[in-house]
Student: 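Below is a structure I'd like to ask you about.
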Amino acid sequence: MQVHLNPPLEPGSAPRHAAAIVATAADISSADLDYSPESIDLVEDIVDGFRAEGVTGEDMAESLTAFGCYVGEILTRHFGGAWRHGPAAHRASVSLVVELPDARECYPIDWVFRRLEFGADVSIRDLCTAAGVANGPPNEQTHE
């Protein structure tokens with residue numbers, strides 16, 4: 001799958017892609033993506049809407065990647081994660097991961113693509129919750 005984002009998808013650009021999808025979601029559907037863990041429900045609803053319309057991952061690759069960056073930003077802001085390049089073996093699907101302070105890697109971009117493909121069988125909320133619970137209490141700091 002080719003994703004053509006500007007700027008290219010890199011650890012330093014993930015927050016910008018997240019911010020862009022926040023603005024786009026607000027313009028298109030008045031969705032209030034506020035970087036709270038609770039807003040993951042909105043992301044799931046939006047992705048479920050794409051699924052209901054019969055959209056494929058290829059059709060919406062850039063938007064799905066940006067939504068994955070948004071989910072990753074929740075992990076960085078609330079659970080102390082940091083964007084990193086993914087392992088070479090995993091790069092065929094996603095080039096970025098969020099590494100948590102305990103060195104576990106999370107794949108929020110993959111989670112969004114999997115939600116589109118498998119629907120409610122893949123709970124982005126549960127995946128984020130598991131990452132946060134395993135990492136200790138959430139860090140309530142937010143960064144704009």
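Numbers here are sequence positions counted from 1.
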Student: Knowing that exactly one of F67, F113, F50 qualifies, which makes a side chain to side chain contact (heavy atoms under 4.5 Å, CB included) with M60?
Tutor: F50
Student: Please report the C-alpha distance between D41 and R125 in whole Å, then the side-chain angles of each, then the deciding distance to 0.1 Å, and finally whether the side chain to side chain contact (heavy atoms under 4.5 Å, CB included) criterion is met.
Tutor: CA-CA 7 Å; D41 292 339; R125 173 180 273 293; 2.8 Å; yes
Student: What's the shortest heavy-atom distance between I74 and S36, and which atoms?
Tutor: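 The answer is CD1-O, 3.5 Å.
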Student: Under the criterion side chain to side chain contact (heavy atoms under 4.5 Å, CB included), I'd like the reasoning laid out for C69 against L9: C-alpha separation, chi angles, the key distance, then a yes or no.
Tutor: CA-CA 9 Å; C69 289; L9 189 58; 3.7 Å; yes
Student: Start with the C-alpha distance between C128 and V71, add both sets of side-chain angles, then the distance that settles side chain to side chain contact (heavy atoms under 4.5 Å, CB included), and finish with yes or no.
Tutor: CA-CA 8 Å; C128 283; V71 172; 3.5 Å; yes
Student: Any donor-acceptor pair under 3.5 Å linking the side chain of Y70 with the backbone of Y35?
Tutor: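 Yes: the side chain of Y70 pairs with the backbone of Y35.
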Student: How about W83 and E99: does a side-chain donor come under 3.5 Å of a side-chain acceptor?
Tutor: no
Student: Indicate the atoms forming the closest heavy-atom contact of A131 with L75, along with that distance.
Tutor: CB-CD2, 4.0 Å
Student: So T56 and L116, do their side chains get closer than 4.5 Å, heavy atoms only?
Tutor: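 Result no, sub-4.5 Å side-chain heavy-atom pair not found.
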Student: When rounded to the nearest 0.5 angstrom, what distance separates CD1 in I109 from CG in L64?
Tutor: 10.5 Å
Student: Which value, rounded to the nearest 0.5 Å, describes the distance between E105 atom CD and L96 atom CG?
Tutor: 11.0 Å
Student: Does the side-chain hydrogen bond (donor to acceptor under 3.5 Å, both in side chains) test come out yes or no for D126 and T129, once each step is laid out?
Tutor: CA-CA 5 Å; D126 288 351; T129 299; 5.2 Å; no
Student: Find the distance between CG (D121) and CZ (F118) and round it off to the nearest 0.5 Å.
Tutor: 8.5 Å
Student: Rounded to the nearest 0.5 Å, what separation is found between the CZ atom of R114 and the OG atom of S123?
Tutor: 10.5 Å
Student: Among the clusters formed by ILVMFWY side chains lying less than 4.5 Å apart, do I28 and V22 turn up in the same one?
Tutor: no
Student: Over all heavy atoms of both residues, which pair between A31 and I46 is shortest? Give the atoms and the distance, please.
Tutor: CB-CD1, 4.2 Å
Student: Could you report the tightest heavy-atom contact between S39 and L33, atom names first, then the distance?
Tutor: O-CD2, 4.0 Å
Student: Which residue pairs satisfy the salt bridge (Lys or Arg N to Asp or Glu O under 4.0 Å) criterion with at least one member in residues 44-54, sequence neighbours excluded?
Tutor: E44-R115, D48-R115
Student: Test L100 against C106 for side chain to side chain contact (heavy atoms under 4.5 Å, CB included), laying out the working first.
Tutor: CA-CA 8 Å; L100 298 174; C106 298; 3.6 Å; yes
Student: Identify the heavy atoms of P108 and V98 that sit nearest to each other, and give their distance.
Tutor: CG-CG2, 3.9 Å
Student: Would you say the side chain of P101 lies within less than 4.5 Å of the side chain of F79, judging by non-hydrogen atoms?
Tutor: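 Not in contact.
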Student: Return a table of donor-acceptor pairs under 3.5 angstrom between the side chains of residues 11-21 and protein atoms on other chains or two or more places apart.
Tutor:
residue : atom : partner : partner atom : Å
S13     : OG   : P8      : O            : 2.7
S13     : OG   : E10     : N            : 2.9
S13     : OG   : E10     : O            : 3.1
H17     : NE2  : P7      : O            : 2.8

Student: Regarding D27 and T24, is there a side-chain donor-to-acceptor distance under 3.5 Å anywhere?
Tutor: no
